[in-house]
Protein chains: 2
Amino acid sequence: MKSPSHPRDRGIPEATVARLPLYLRALHGMAERGVATVSSEDLAVAAGVNSAKLRKDLSHLGSYGTRGVGYDVEYLVYQISRELGLTQDWAVAIVGVGNLGRALAGYGGFVSRGFRIAAVFDADPEVVGDDIAGLNVEHIDELEAVIERRGVSIVVLATPAAAAQEVCDRVVAAGVTSILNFAPVVLTVPDGVDVRKVDLSIELQILAFHEQRKAGGPLMAVDSQ
Amino acid sequence: MKSPSHPRDRGIPEATVARLPLYLRALHGMAERGVATVSSEDLAVAAGVNSAKLRKDLSHLGSYGTRGVGYDVEYLVYQISRELGLTQDWAVAIVGVGNLGRALAGYGGFVSRGFRIAAVFDADPEVVGDDIAGLNVEHIDELEAVIERRGVSIVVLATPAAAAQEVCDRVVAAGVTSILNFAPVVLTVPDGVDVRKVDLSIELQILAFHEQRKAGGPLMAVDSQ
DNA sequence: ATCCTTTTGTGAACCGATGCACAAAGTCAC
DNA sequence: GTGACTTTGTGCATCGGTTCACAAAAGGAT
């Protein structure tokens, strides 16, 4: 069903998509330093990947390099940005203004990538009305109305675990189909809704696993016996 | 080299390690609700994975289930905790007390998993001495001394991008071999040092990519599913 | 003690991702 | 224009991870 060797085959591998932001970050740095073109080898080093992988990834977007020369930095930034959908402006809402919600609201990496924090919600009347990173905290009762009014299409959940599923259900009912979940729970959503999760403690646990290995392991096992 | 079919083969796949914390979280919830045993099917649902995968993952740790019955919740919690190295206490230091650093210092998910925030550092004299989540912020000059004195083995970097590599070099020189990096840069470290990175904006970019697809994509290409 | 039910643990097929290695395609110097 | 050189784009082998599907193991009923 799919044309086997189409230059802009729509089926970009998930693993590639996950690396495109990495390339973009490296390219932005180069553009700032005035670099005009870059080879796959150099860009791969800057992004922390292997150059064959980088070239294969980029080839999924099309043939944007010049053999013998490399890639034009500006042009590649544009192509990757467009592919990721960063050439448009995304209205993002953050729900939950605890420590993490505040940190996210003030995080520069969002704004600089085409994301606009359009609203911030909390259930606690104590913080509703507060000013967080230049935004007025709104009451969670306004969730659906504000999402619709401001065209929010991506919601970031930074609520306590116990509240996450309920808020999730509400934003989904309001038409949101992309959710970034920081609450340590598995969210249940209908088909067609994308949920990505970030669990800060999981990464630390993975590090602990490897650290323990270096130190000798639970049974000081050298061999599996 | 390695015994091919040993029940406690030390070589646990990376993908499995990354899911163990997920199982652990689900199991903790069950233990709290008084559940004594759980089938792979139920646990898989609670953790948001497929049950065959769950069983294969657990089989890498050993044979801890009972056919026809399932897994003993308490026992499995212990086995996974031990495998991940969470039965010991890990001293963690956080460098950088911006919004994110503060959020991390106050994050309950660390403490409840065997991680102890042993120190918090910043370079800004303005915040040094402040109290963050019950901890005294120390000056970055004290980095090496404090790491050694308090036996810190894992460092969390929440510094600005520009400072991350330098701090990284210093903690590595001080003997730290596990680093969790929140700064949006690729860190260069010697062999034997583990770096895991969390880039909050990458997840959002991946969501944007898929959201754009749903909406029609850059060239209005209809996805063949 | 035997049969029936449940659920684990795993062999084997499958699938996607990785990395090597090289031909093709381009640049640059002369 | 020619030849030397550089670097891309990709075919192919390989690898690790996922999923299916089922035999083996345990418990409960009679």
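Residue numbering restarts at 1 for every chain, and letters A, B, ... go by the order of the sequence lines. Just so you know, these numbers use all the heavy atoms, side chains as well, and skip hydrogens, waters and symmetry mates.
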Within this structure, what is the [atom1]-to-[atom2] distance between [X] and [N], rounded to whole angstrom?
X     : N      : atom1 : atom2 : answer
B/L61 : C/dG9  : CG    : C1'   : 13 Å
B/L43 : C/dT7  : CG    : C1'   : 14 Å
A/K53 : D/dT14 : NZ    : C1'   : 14 Å
A/R19 : C/dG16 : CZ    : P     : 15 Å
B/L54 : D/dC20 : CG    : P     : 14 Å
B/D72 : D/dA26 : CG    : P     : 16 Å
A/I12 : C/dA17 : CD1   : P     : 12 Å
B/N50 : C/dC14 : CG    : P     : 18 Å

What pairs of nitrogen or oxygen atoms, one from the protein and one from nucleotides 7-13 of chain D, lie under 3.5 Å apart?
from: D/dT7; atom 1: O4'; to: A/G68; atom 2: N; distance (Å): 3.0
from: D/dT8; atom 1: OP1; to: A/S40; atom 2: N; distance (Å): 2.5
from: D/dT8; atom 1: OP2; to: A/S40; atom 2: OG; distance (Å): 2.5
from: D/dT8; atom 1: O2; to: A/R67; atom 2: NH1; distance (Å): 2.9
from: D/dG9; atom 1: OP1; to: A/S63; atom 2: OG; distance (Å): 3.1
from: D/dG9; atom 1: OP1; to: A/G65; atom 2: N; distance (Å): 3.1
from: D/dG9; atom 1: OP2; to: A/Y71; atom 2: OH; distance (Å): 2.6
from: D/dG9; atom 1: O4'; to: A/R67; atom 2: NH2; distance (Å): 2.9
from: D/dG9; atom 1: N7; to: A/R55; atom 2: NE; distance (Å): 2.8
from: D/dG9; atom 1: O6; to: A/R55; atom 2: NH2; distance (Å): 3.1
from: D/dG11; atom 1: O6; to: A/K56; atom 2: NZ; distance (Å): 3.0
from: D/dC12; atom 1: N4; to: A/K56; atom 2: NZ; distance (Å): 3.3

Margin query: Ignoring hydrogens, what is the shortest heavy-atom contact between B/I117 and B/A105? Give both atom names and the distance.
Written below: CG1-O, 4.3 Å

Notebook entry, point to check: Any side-chain heavy atom of B/R25 sitting closer than 4.5 Å to one from B/R113?
Noted result: yes

Next item on the list: Determine whether the aromatic ring centres of A/Y75 and A/Y78 lie less than 6.0 Å apart.
Entry: no

Margin query: If you count heavy atoms of other groups shown closer than 6.0 angstrom to CD of A/E74, is the number above 12?
Written below: no

Notebook entry, point to check: Can any side-chain N or O of B/E211 pair as donor or acceptor with the backbone N or O of A/I154 at less than 3.5 Å?
Noted result: no

Exercise answer: donor-acceptor pairs, residues 13-21 of chain A side-chain atoms, under 3.5 Å, sequence neighbours excluded:
from: A/E14; atom 1: OE1; to: B/H210; atom 2: NE2; distance (Å): 3.2
from: A/E14; atom 1: OE2; to: B/H210; atom 2: NE2; distance (Å): 3.1
from: A/T16; atom 1: OG1; to: A/D57; atom 2: OD1; distance (Å): 2.7
from: A/R19; atom 1: NE; to: A/Y23; atom 2: OH; distance (Å): 3.4
from: A/R19; atom 1: NE; to: A/D57; atom 2: OD2; distance (Å): 2.6
from: A/R19; atom 1: NH2; to: A/D57; atom 2: OD1; distance (Å): 3.0
from: A/R19; atom 1: NH2; to: A/D57; atom 2: OD2; distance (Å): 3.2

